[in-house]
Amino acid sequence: MSKAKEPEQTDTGRISNVSGPVVQAKGLSARMNDVVRVGEEELMGEVIEIEGDVTTIQVYEETSGISPGEPVVTTGSPLSVELGPGILDSIYDGVQRPLDVLEDEMGDFLDRGVDAPGIDLEKEWEFTPEVEEGDEVSEGDVLGTVPETVSIDHKVMVPPDEAGTVADVNEGELTVEDTVVELEDGTEISMLQEWPVRKARPTADKKRPKTPLITGQRILDTLFPIAKGGTAAIPGPFGSGKTVTQHQLAKWSDADIVVYVGCGERGNEMTEVIEDFPELEDPKTGNPLMARTSLIANTSNMPVAARESCVYTGITLAEYYRDMGYDVALMADSTSRWAEAMREISSRLEEMPGEEGYPAYLAAALAEFYERSGLVETLGGDQGSISVVGAVSPPGGDFSEPVTQNTLRIVKCFWALDADLAERRHFPSINWNDSYSLYRKQLDPYFEGEVSDEWADTRQWAVGVLDEESELQEVVQLVGKDALPEDQQLTLEVSRFIREVFLQQNAFHDVDTYCELDKQFRMLDLIQQYNDHAFEALDAGVPVDEIEDVEAAQRFFDIPVEDDWEPLVDEIEDQLDSEFQEMY
Amino acid sequence: MKEYKTIQEISGPLVFVEVDEPVGYDEIVEIKLEDGTTKRGQVLESGEDIVSLQVFEGTDELDRNSSVRFLGETMKMPVTEDLLGRVLSGRGNPIDGGADIVPDERRDIVGAAINPHAREYPREFIQTGVSAVDGMNTLIRGQKLPIFSGSGLPHNDLALQIARQATVPEEEGDDDTEFAVIFGAMGITREEADEFLEEFERTGALERSVVFLNLADDPAVERIVTPRMALTTAEYLAFEKGYHVLTILTDITNYCEALREIGAAREEVPGRRGYPGYMYTDLANLYERAGRIEGEEGSVTQLPILTMPGDDDTHPIPDLTGYITEGQIYIDRRMDSEGYEPPVDVLPSLSRLMDDGIGEGFTREDHEDVANQLYAAYAEGNDLRDLVNIVGREALSERDNRYLDFADDFEEDFVNQGWNTNRSIEDTLDLAWDLLGTLPKQELKRIDKDLVEKYYPEDAEAEEEAEATA
């Protein structure tokens, strides 16, 4: 959260009513969405309604013991985040208070009334300028760089709405508040910027994304790819693996920067991330994963108003790195908790509810959030992107509920998690019949150029087999597999390989957890080769039992977990050829 | 302290009082009736002139002449190590006729959230001695693992079995005084409560337990504070005194009913099925009080029990619970009626923290693979049962028949161990291998080949070879 600024205005309001996180004050002159300090303990709050003399405030901290008559003062500025070097490798709560600093100040449990700057104001950074005296600079231009972490060079930019001629340049070890560049009109620019979280940062232009965000997850990259700058939703009932999928994306996707927002989820899960990420390697650079990651953790028992704001905090941090020209991936787990926080606040305001008690502006809020993603031309003329992946937790696993439905109207990738698959321990339990990606067409040229000409055809073949299987399964349920004609039995066998070898992927296996694109393609291609051989053999009169006994096919299961996979695939390919040749 | 005789309105469990001095939100109040009896309550909303209160003991016999005193503090739980062995009411007063409690500390019952940065990720396994739990859905210290049950099912027996048998393997040998059980009962019947108490006394578990009893005929509003009292005690014992605390909360469904009752009395906008929109947050505030803290000896593990209305796990109570807790154990009605003890349906059950707390150094190297294989094989056998009903066993292949037998054996031998059998994790895994031995080796695709070589039962292997040669 913006640093512990001394309240600017002197006219103090008085609390007139307290009901949970919603507090009303009288005699306060604050603007809508301004941050205010509530009570003797100076709890942080935000103005959400003004009616006559009564100002309604949502408070980001526990309000027990607060009573009417206590003072309320406004800071005069809206809820903002601090932007500058030091955001990466950090873990924040929903209003950008660093959790490690809070732990130092108030111990193992989260107390209230403690504020801490989002960025370390003391720390010195090595600033290397990229401009000289006399250069003309305008908003978004890069003034210089700072090595923020081993992986990422932080670019210090001219804040939006500023421009001029460089009068003076500093370099060397500086704190974020020191002036790095002074303009001729006297404007001093430091590494530190502030930005209100509810307002999207400006860009020059929005573009149509054409490169995939490579995730190393076979079912996603091959069947349902997401673009860099795209949006995806992962809805699923509890226990279906939303969080594991989100963690996998945060770990393996080839974004430059990852912002992970844990919104109203489990404390232990966030701890897992905090413990794991510094240990894990970034697949792209080999550096610790935390060096490209910023975490926002507002667990389910932390104050509900901060849960409402945490997705905005997250996306603003993402936008800031996008403006530097980086590809950013934002994972929000879970957007349903965010929507519920909106509902909770809205019902305390006694607003007229829309569907299922959610506020009528739910759809607008979701749309506004997802629209902050995209591939853009930055103000500085670079290209940057934000890909947003939002988990959705539909009550009872029912996708017809308002949050899922309103999300689906906006996002272009739908990765539907399925409780049945999870129960069968088929992971990732993404249902291949229900899921879709509208990016397939626009990303195919990339895959065809980078991996293989046959990428799209092979994928379509696999989709076809899976479709056919789901129809056949209905019959099998009634009469058993052996009652089917031989060619259909063979289709089932082929689709079993697609499911068990290709679509299943073990997130907890050292090798299988990440599957490069070439390997993905060769695996699927190999299954297709088996398919072609098998049907030829069937046509030549070989009984289906014999085809199913092909030993090479059993070895498919070894490929996912094999690190040195290329020789293995070659070998199995040869073995397939020879086994089928011997057959007839 | 000022006394008000200005009650304006009494409605359900709520009382509205006119005040002329500010009163803190969440503060505790004492209400004195004309006959001298007192009731306690809590501030739900504090305005300049009117304060609304919820009264824990119900509003019976209250009238506008009753006087209200604001105590100037939020609800506190007196905590001390001496609470072990005591039986308390749902509001934390001793009801076992023993000595008064001399508290070490009085703690706010609305626990602050543990800073996620201060947490330690739970990894140590708790051996419950129940194969369906240890083998398939391992309980980890610091986990919250609810039992999803239905009315008339033996969830209490399972909870008791776990409370009785739970040990932490590395501490076996030295005395387990470090293990404490907190039992928080919300709205259960006198009979159920007696059953629990008797069992606790019989097994000597009471010495290491603190029991909170809010019975079915106690006021519903009191149910809101009972679990908070229990968890405050648990946190104190765990993080101040270094105990490993297992907290059993039963029945969460009654707790949620009480929440709904208060919500309705306050005329709040209801969420799904009339439950308040903040029920997720409210439940999270209970469940998230499980965990471990870096640098602290103890841990709080939660085993909440809930009965799903109509056995429907999409009902808001189990649904929201499932989204917060780290897995769930399902009690199954079919298995219960077939007499299995415990009737745990392992297929929808899940322990999210299992993967990191089992395997070499924790339980045994083959644990994860074996559990996955058991799941897969049991699921396959279970699926075939429907088909058998239609086409009969004869119409199925030999392979299918094997899986059908496997599913039956799994339920009969592995799950159905009896309430009084305490199996070590080795016993559980060895038993699993006996079962897996009924399947041919090449069917064990989920198990690492080396492990299959090491653990696959030899007699089964010999049999298989004999079959092959025959």
Side-chain angles (χ1 to χ4, degrees), chain A residues 15-20 62-70 91 99-100 102-103 107-111 237-239 262 264 266-268 270-272 274-275 297 299-302 304 337 340 343-344 347 350 353 356-357 393 395-398 423-425 477-482 508 554 557, chain B residues 22-27 44-48 74 110-122 142 239 268-272 277-278 280-281 284-285 288-289 291 293 296 314 316 319 322-324 326-328 347-348 350 353 355 372 375-376 379 386-387 390-391 395-397 442 445:
Chain A
I15 297 177
S16 61
N17 194 300
V18 189
S19 165
E62 185 56 48
T63 52
S64 285
I66 303 295
S67 55
E70 291 189 38
I91 161 158
L99 287 173
D100 49 346
L102 295 189
E103 189 186 349
D108 298 335
F109 291 86
L110 288 169
D111 210 343
F238 61 81
R266 304 177 181 90
N268 281 332
M270 285 320 295
T271 307
E272 187 185 8
I274 298 167
E275 283 184 16
T299 57
S300 54
N301 56 339
M302 283 156 78
V304 65
R337 304 298 161 227
E340 280 162 9
R343 173 169 73 180
E344 196 171 324
S347 88
E350 296 177 357
E356 289 194 22
S393 320
D398 171 12
E423 207 168 280
R424 253 164 246 274
R425 297 305 190 260
Q477 292 296 328
L478 291 176
V479 296
K481 186 182 165 194
D482 295 339
F508 301 102
Q554 292 310 320
F557 290 94
Chain B
V23 172
Y25 172 72
D26 248 5
E27 241 177 56
L44 277 188
E45 182 167 350
S46 173
E48 280 175 314
T74 49
V110 184
I114 303 177
N115 185 330
H117 195 265
R119 276 182 189 266
E120 188 176 323
Y121 190 70
F239 303 130
E268 290 168 346
V269 181
R272 277 213 306 153
Y278 49 80
Y280 177 84
T281 308
N285 281 330
E288 277 292 331
R289 290 174 81 173
I293 292 179
E296 300 286 348
T314 67
D319 190 51
Y323 276 119
I324 306 163
E326 284 136 353
Q328 63 278 331
L347 289 178
L350 171 75
L353 301 183
D355 292 327
N372 285 335
Y375 262 114
D386 293 336
L387 190 56
I390 302 170
V391 297
L396 295 184
S397 67
Q442 65 269 20
K445 290 204 189 70

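Residue numbers start from 1 in every chain, and the chains themselves are labelled A, B, ... in the order their sequence lines are given, proteins ahead of strands. Computed from a prediction, not measured in an experiment: that's the story for all the values here.
- Side chain of B/Q328 to backbone of B/P348: a donor-acceptor contact under 3.5 angstrom is found.
- Residue contact with chain A, scored on non-hydrogen atoms closer than 4.5 Å, involves the backbone and the side chain of B/E120 alike.
- Only the side chain of A/E275 comes within less than 4.5 Å of a heavy atom of chain B; its backbone N, CA, C and O stay farther away.
- Side-chain N or O atoms of A/R337 include none that pairs as donor or acceptor with a backbone N or O of A/T299 at under 3.5 Å.
- Contact count against chain B (heavy-atom pairs under 4.5 Å) is highest for A/P68 among A/G357, A/P68, A/G107.
- Looking at B/I293, the atoms closer than 4.5 Å to chain A (heavy atoms on both sides) all sit in the side chain, from C-beta outward.
- Only the side chain of B/Y375 has a heavy atom closer than 4.5 Å to any heavy atom of chain A.
- Contact annotation for B/I390: only side-chain heavy atoms (C-beta onward) come within less than 4.5 Å of a heavy atom of chain A.
- Proximity to chain B is limited to the side chain of A/E62, based on heavy atoms less than 4.5 angstrom apart.
- At a threshold of 4.5 Å between non-hydrogen side-chain atoms, the residues B/L387 and A/Q477 do not count as touching.
- Both the backbone and the side chain of A/D100 come within less than 4.5 Å of a heavy atom of chain B.
- Heavy atoms closer than 4.5 Å to chain B are found in both the backbone and the side chain of A/V18.
- For the options A/G397, A/G69, A/S64, heavy-atom pairs under 4.5 Å to chain B are most numerous at A/S64.
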*Do A/S347 and B/E268 pass the side chain to side chain donor-acceptor pair (under 3.5 Å) test, and can you show the C-alpha distance, the side-chain angles, and the key distance before you say yes or no?*
CA-CA 7 Å; A/S347 88; B/E268 290 168 346; over 6 Å; no
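- In this structure, chain B has a heavy atom under 4.5 Å from the side chain of A/I91, while its backbone stays farther away.
- The pair B/R119-B/E288 meets the salt-bridge criterion, with a side-chain N (NZ, NE, NH1 or NH2) lying under 4.0 Å from an Asp/Glu carboxylate O.
- Judged by distance alone, with hydrogens and angles left aside, the side-chain atoms of B/Y25 form a donor-acceptor pair with the main-chain N or O of A/G20 at under 3.5 Å.
- Of the atoms belonging to B/E326, heavy atoms from both backbone and side chain fall under 4.5 Å from chain A.
- Contact of A/E70 with chain B is not made at all, since no heavy-atom distance falls under 4.5 Å.
- Taking B/L347, B/L350, B/T314, B/T74 one by one and counting their heavy-atom pairs under 4.5 Å with chain A, the maximum is reached by B/L347.
- By number of non-hydrogen pairs under 4.5 angstrom with chain A, the leading residue of B/L396, B/N372, B/D386, B/D355 is B/D355.
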*Can you check side chain to side chain contact (heavy atoms under 4.5 Å, CB included) on B/T281 and A/N301, steps first, answer last?*
CA-CA 6 Å; B/T281 308; A/N301 56 339; over 6 Å; no
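- Per-residue heavy-atom pair counts under 4.5 Å with chain A were compared for B/V23, B/N115, B/L353, and the maximum is reached by B/N115.
- With a 4.5 Å cut-off on non-hydrogen atoms, B/N285 touches chain A through its backbone and its side chain both.
- Between the side chain of A/S300 and the main chain of B/A284, no donor-acceptor pair closer than 3.5 Å is present.
- Contacts of B/V391 with chain A are made by side-chain atoms alone, with heavy-atom separations under 4.5 Å and no backbone atom involved.
- In this structure B/D319 satisfies the salt bridge (Lys or Arg N to Asp or Glu O under 4.0 Å) test together with B/R272, sequence neighbours excluded.
- The salt bridge (Lys or Arg N to Asp or Glu O under 4.0 Å) search around A/E423 returns none, not counting sequence neighbours.
- Options B/A376, B/S46, B/P22, B/G111 differ in how many heavy-atom pairs under 4.5 Å they form with chain A, and the most are formed by B/S46.
- The number of heavy atoms from other shown groups lying within 6.0 Å of CD (A/E350) does not exceed 12.
- Using a 4.5 Å cut-off between heavy atoms, A/P395 contacts chain B through both its backbone and its side chain.
- Judged by the 6.0 Å and 45° rule, A/R343 forms no cation-pi pair with B/Y280.
- In terms of heavy-atom pairs under 4.5 angstrom with chain B, the leader among A/E103, A/M270, A/R266 is A/R266.
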